[in-house]
Amino acid sequence: MSRTAENYRGYNFAYLDEQTKRMIRRAILKAIAIPGYQVPFASREMPMPYGWGTGGVQVTAAILGPSDVLKVIDQGADDTTNAVSIRQFFEKTAGVETTTETEKATVIQTRHRIPEAKLQGHQVLVYQVPIPEPLRFLEPRETETRTLHALAEYGLMHVRLYEDIAQHGHIAKTYAYPVLVADRYVMDPSPIPKFDNPKMDDCAALQLFGAGREKRIYAIPPYTKVVSLDFEDHPFEATKFEQPCALCGATDSYLDEVITDDQGGRMFVCSDTHHCETRRCEGHVGHLGMPVTEAAE
Amino acid sequence: MSLAGFPNPVLDQQAAFRAVMQALSEPGCIVQAGALAGEGSPLGPVARAIALSLLDFEVRFSLSSSLADAEGDITFHTGSRLASRLDEAEFAFVDLRQDVLDLGSFAQGTPEYPDRSTTVILRVESLTGGPSLKIRGPGIRGTRELNIPGLPTDFALQWAANAARSPLGVDLIFVTNEAVLGLPRSTRILPEAR
């Protein structure tokens, strides 16, 4: 507590007031008890704009304790604006230890990726969610989507996926790919690439989702069945890459395309910066990378 | 008689909540309570800590008959009020050692809002040494064993009825004097293999 006071005089631990935390905590407990169901909550204004992770920040603030170690990623990277500013926000307001190492973190707040390293049982993954309702673009009325969820009536979503097959010959959705949680609720996994969908299934860590503007919290408890929607003759397939990471040579990670010049030059590198760094430190070198020791000299 | 609140409300509430969060994410696991509050309350130190951590003026609670004396204490510390009916309470406190349990009497939620249901906090003597029940569901890798002694004889039946209402239904948090154990509505008790 004294550490908090030193770090940020005038603010409560982890910024939010206690009544707000209690309200969010109650919503989190309901979300865990009803996997995949979107629990309404009284989302507060945060000192950052909607779309920058206000939902995730509120969930993190409500669960965070002084002994937690926090990691924040934005599209897999620890060093982009959103990740850096949220990490500093909690360093200041909660005085918690932060890290970029996936293995060391107890709470990981993420925007649009699941880390490559396998998550452990003591960890909590907090997603920032822009639009929590998977049926929203198919049915704009909240009263209707609520009824559809109540009846477990998800035909619309299957028609949507089928139309992809009719038009493109395959399901063309590559991110925010809908999943069925614990055989009951269809859920939007936030815009993570569908590459990450299989990691949600039977995951050892607790997964919490916070949508600040839309005022919804939902969850996937550890070891819960999460199935990406598909058809028998068009089974779900995770994205595969034709080339390895240019820096670390990884063939099993999600890659970002980086434009390197105006002549059409490009390279593909790991989106998970910690994963890429770890591999390079272990001596893996991609075709455009250089050994870590040389680079340091 | 008035009892003290948490010595360090901010961190104690967080610790009490995290234990409950872990208990509900890993049903059937015995989790050390994050914080204790007040030896003298009929609720016991763990249930009282949960009350101080999760209740406020936005929610109502109910008390089983042997816990009736705790009303003033909870209201004073949290601002939460006693519900006039069982199915209007967001949180219910039941002493399973003395009082009867009827899960159907609590709020079950609605099909559109299954979250509008009661979370029932059950005080028991111990979480180990009772007859074994196998449970399965989200949060459980494979199956897990539940060994809570002193459960009502019709508990498995009541829980099956609760499961039949899924995704509606109540969530249970068992507490002793030092630990919590969660049983969310998503957990199923498996029939005994014979």
Side-chain angles (χ1 to χ4, degrees), chain A residues 1 4 12-14 17-19 21-42 62-68 94 121-122 124 143 145-152 181-185 202 204-208 217 219-226, chain B residues 6-27 29 34 50 52-59 78-80 90-91 109-117 119 136-142 144 166-173 182-187:
Chain A
M1 200 54 189
T4 313
N12 191 21
F13 178 81
D17 61 279
E18 289 306 302
Q19 199 273 323
K21 285 190 201 164
R22 274 192 296 273
M23 173 272 296
I24 295 173
R25 287 168 182 166
R26 290 193 295 258
I28 290 173
L29 296 183
K30 292 289 187 198
I32 291 169
I34 320 169
Y37 167 73
Q38 303 162 51
V39 183
F41 82 111
I63 66 173
L64 211 59
S67 58
D68 277 313
H122 65 284
V124 183
T143 47
T145 51
R146 202 157 268 288
T147 308
L148 294 173
H149 281 296
L151 299 172
V181 180
D183 297 318
R184 179 56 181 79
Y185 283 100
D202 209 29
L206 170 65
Q207 302 172 74
L208 299 175
I217 286 172
I220 304 175
Y223 303 113
T224 297
K225 187 173 158 195
V226 179
Chain B
F6 282 126
N8 194 339
V10 173
L11 301 186
D12 289 343
Q13 289 182 42
Q14 189 272 341
F17 159 73
R18 273 295 274 273
V20 174
M21 181 174 98
Q22 195 194 334
L24 280 176
S25 350
E26 297 169 45
C29 263
I50 292 173
L52 295 190
S53 307
L54 293 175
L55 269 56
D56 56 30
F57 65 91
E58 288 189 336
V59 294
T78 67
S80 178
E90 276 86 358
F91 289 89
T110 65
E112 285 78 16
Y113 292 95
D115 55 307
R116 294 181 181 173
S117 59
T119 302
R136 179 198 291 272
I140 302 169
R141 190 178 200 179
R144 198 170 274 151
S166 173
L168 280 60
V170 300
D171 308 311
L172 307 185
I173 300 168
L183 208 59
R185 68 193 76 176
S186 55
T187 304

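Residue numbers start from 1 in every chain, and the chains themselves are labelled A, B, ... in the order their sequence lines are given, proteins ahead of strands. FYI, side chains are in, hydrogens and waters are out, and symmetry mates aren't considered; it's all heavy atoms of this structure.
- For the set B:P167, B:S186, B:G79, the count of heavy-atom pairs under 4.5 angstrom toward chain A peaks at B:P167.
- Of the atoms belonging to A:K225, not a single heavy atom falls under 4.5 Å from chain B.
- Counting heavy-atom pairs closer than 4.5 Å to chain A, the top-ranked of the candidates B:G182, B:S117, B:G137 is B:S117.
- Contact of B:T119 with chain A is made through backbone and side chain together, with heavy-atom distances under 4.5 Å.
- For A:V181, no part lies under 4.5 angstrom from a heavy atom of chain B.
- Of all heavy-atom pairs between A:A204 and A:P222, the closest is O-CB, 3.3 Å.
- With chain A as partner, the option from B:P114, B:A15, B:G34 having the largest number of non-hydrogen pairs under 4.5 angstrom is B:P114.
- Figure legend: cation-pi geometry between A:R184 and A:Y37 absent, as NZ or CZ is not positioned both under 6.0 Å from the six-membered ring centre and within 45° of its axis.
- Considering only heavy atoms from C-beta on, A:I217 stays 4.5 Å or farther from A:P40 through its side chain.
- Using a 4.5 Å cut-off between heavy atoms, A:R25 touches chain B through backbone and side chain atoms alike.
- Counting only residues at least two apart or in different chains, salt bridge (Lys or Arg N to Asp or Glu O under 4.0 Å) contacts with residues 7-19 of chain B comprise A:D68-B:R18.
- Of the atoms belonging to A:L206, it is side-chain heavy atoms, and not backbone ones, that fall under 4.5 Å from chain B.
- Of the two parts of B:I173, neither the backbone nor the side chain holds a non-hydrogen atom closer than 4.5 Å to a non-hydrogen atom of chain A.
- Only the backbone of A:L64 comes within contact range of chain B, judged by heavy atoms closer than 4.5 Å.
- Between chain A and the options B:P9, B:G169, B:G142, B:P111, the largest number of non-hydrogen pairs under 4.5 Å is found for B:P111.
- Using a 4.5 Å cut-off on side-chain heavy atoms (C-beta onward), A:V124 and A:Q207 make no contact.
- With a threshold of 4.5 angstrom between heavy atoms, B:S166 does not approach chain A through any atom at all.
- Closest approach of A:Y185 and A:P35 over heavy atoms only: CD1-O, 3.6 Å.
- The distance from the OH atom of A:Y223 to the CZ atom of B:R144 is 9.0 Å, given to the nearest 0.5 Å.
- Using a 4.5 Å cut-off between heavy atoms, A:I63 contacts chain B through both its backbone and its side chain.
- Remark: the backbone N or O of B:D171 is not paired with any side-chain donor or acceptor of B:R185 at under 3.5 angstrom.
- If you measure heavy-atom distances from B:V20 to chain A, the contacts under 4.5 Å come from both the backbone and the side chain.
- You'll find the side chain of B:M21 stays beyond 4.5 Å of the side chain of B:E26, heavy atoms only.
- The backbone N or O of A:I220 lies less than 3.5 Å from no partner atom in the side chain of A:T224, so there is not a single donor-acceptor pair.
- Residues A:H149 and B:E112 are not in side-chain contact: their nearest non-hydrogen atoms beyond the backbone lie 4.5 Å or more apart.
- Contacts of B:F57 with chain A are made by side-chain atoms alone, with heavy-atom separations under 4.5 Å and no backbone atom involved.
- In this structure, the portions of B:L54 lying under 4.5 Å from any heavy atom of chain A include both its backbone and its side chain.
- Remark: B:D56 engages A:R22, A:R26 in a salt bridge (charged side-chain N to carboxylate O under 4.0 Å, His left out) (not counting sequence neighbours).
- Counting heavy-atom pairs closer than 4.5 Å to chain B, the top-ranked of the candidates A:T147, A:L29, A:I32 is A:L29.
- With chain B as partner, the option from A:G65, A:A31, A:A27 having the largest number of non-hydrogen pairs under 4.5 angstrom is A:G65.
- Interface remark: A:A62 contributes backbone atoms only to the contact with chain B (heavy atom separation under 4.5 Å).
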